[in-house]
Amino acid sequence: MAFKARHNISSTNVIDLIAAGENAGNIRSILLTNTHSSNSISVDLYLENNFSRHYIVRNSAIPSGVSLELDVSKISIDTSTDQDYLRIKCSTNGGLDVIINK
């Protein structure tokens, strides 16, 4: 699967933003935007490899219409081999846009 920089999340399932082996390169920032008309959304964003989970944000509430920009330039995310997955999980169905900047 090729690296995809933009995602529209509308489910409470765990979503792979970047899968291991996609060779996404260096990630500078991640923008999370709540596009839901009225509800806040709680977000878990984490790295996972070998069944070990490392949270970037955990249970972070993003109010309706608000964006959260995360500077991840100092976090080592190795997607060149079968190492790290960047995953997200939302608390409610609705609208969360994710933009990954390299």
Side-chain angles (χ1 to χ4, degrees):
M1 178 184 246
F3 169 71
K4 182 178 171 188
R6 294 171 179 83
H7 302 265
N8 301 108
I9 311 295
S10 60
S11 113
T12 59
N13 296 329
V14 172
I15 305 292
D16 287 346
L17 297 175
I18 303 173
E22 284 187 17
N23 201 17
N26 294 327
I27 307 298
R28 291 189 330 237
S29 67
I30 300 170
L31 182 67
L32 307 172
T33 302
N34 182 348
T35 61
H36 196 279
S37 61
S38 60
N39 293 337
S40 69
I41 296 176
S42 291
V43 175
D44 290 344
L45 179 70
Y46 56 91
L47 294 173
E48 189 165 1
N49 78 24
N50 297 328
F51 305 104
S52 180
R53 191 174 287 182
H54 306 278
Y55 286 91
I56 296 169
V57 294
R58 181 167 187 176
N59 201 25
S60 183
I62 304 173
S64 175
V66 172
S67 296
L68 173 64
E69 183 174 13
L70 304 169
D71 178 358
V72 294
S73 60
K74 296 192 188 314
I75 298 172
S76 176
I77 302 173
D78 182 7
T79 59
S80 63
T81 61
D82 291 337
Q83 293 293 320
D84 293 333
Y85 287 81
L86 179 63
R87 293 183 165 151
I88 194 164
K89 181 167 180 12
C90 298
S91 63
T92 58
N93 292 328
L96 184 74
D97 286 349
V98 179
I99 301 173
I100 301 169
N101 295 304
K102 295 176 29 165

Mind checking what makes side-chain hydrogen bond (donor to acceptor under 3.5 Å, both in side chains) contact with Asp71, not counting sequence neighbours?
-> Ser73
Taken in chain and number order and not counting sequence neighbours, the residues that satisfy side-chain hydrogen bond (donor to acceptor under 3.5 Å, both in side chains) with Ser29 are Asn101
Could you tell me the separation between the CD1 atom of Ile62 and the OG1 atom of Thr35, rounded to the nearest 0.5 Å?
-> 10.5 Å
Cluster question for you: counting only ILVMFWY and a side-chain heavy-atom cut-off of under 4.5 Å, with indirect links fine, are Ile99 and Val57 together?
-> no
Listed by chain and number, what are the side-chain hydrogen bond (donor to acceptor under 3.5 Å, both in side chains) partners of Asn34, not counting sequence neighbours?
-> none
Rounded to the nearest 0.5 Å, how far apart are NZ of Lys4 and CG of Leu17?
-> 9.5 Å
Heavy-atom side-chain proximity of His54 to Asp84 below 4.5 angstrom = no
Which residues pass the ring-ring contact (aromatic ring centres under 6.0 Å, His included) test with Tyr46, sequence neighbours left out?
-> Tyr55
Can you tell if the side chain of Leu45 reaches within under 4.5 Å of the side chain of Val98, non-hydrogen atoms only?
-> no
With sequence neighbours left out, write down each residue that passes side-chain contact (heavy atoms from CB on, under 4.5 Å) with Lys102, or none if nothing qualifies.
-> Phe3, Ile27
Quick note, side-chain hydrogen bond (donor to acceptor under 3.5 Å, both in side chains) partners involving residues 60-70, not counting sequence neighbours, are Thr33-Ser67
What residues, two or more places apart in sequence or in another chain, satisfy salt bridge (Lys or Arg N to Asp or Glu O under 4.0 Å) together with Arg28?
-> none
Which residue pairs satisfy the salt bridge (Lys or Arg N to Asp or Glu O under 4.0 Å) criterion with at least one member in residues 49-59, sequence neighbours excluded?
-> Glu48-Arg53
Kindly state each residue pair satisfying ring pair (Phe, Tyr, Trp, His ring centres under 6.0 Å) with at least one member in residues 63-102, sequence neighbours excluded.
-> none
Residues in side-chain hydrogen bond (donor to acceptor under 3.5 Å, both in side chains) with Ser37, at least two apart?
-> none
Among Ile41, Val66, Val43, Ile9, the one residue meeting side-chain contact (heavy atoms from CB on, under 4.5 Å) with Leu32 | Val43
Contacts of Asn26 meeting side-chain contact (heavy atoms from CB on, under 4.5 Å) (sequence neighbours excluded), chain-then-number -> none
Give every residue pair that meets the side-chain hydrogen bond (donor to acceptor under 3.5 Å, both in side chains) criterion with at least one member in residues 89-99, sequence neighbours excluded.
-> Asn8-Asp97
Closest non-hydrogen atom pair, Pro63 against Ser40 | CA-CB, 3.8 Å
Does the side chain to side chain contact (heavy atoms under 4.5 Å, CB included) test come out yes or no for Leu47 and Leu86, once each step is laid out?
-> CA-CA 5 Å; Leu47 294 173; Leu86 179 63; 3.9 Å; yes
Leu31 and Ile77: same hydrophobic cluster, using ILVMFWY side-chain contacts below 4.5 Å?
-> no
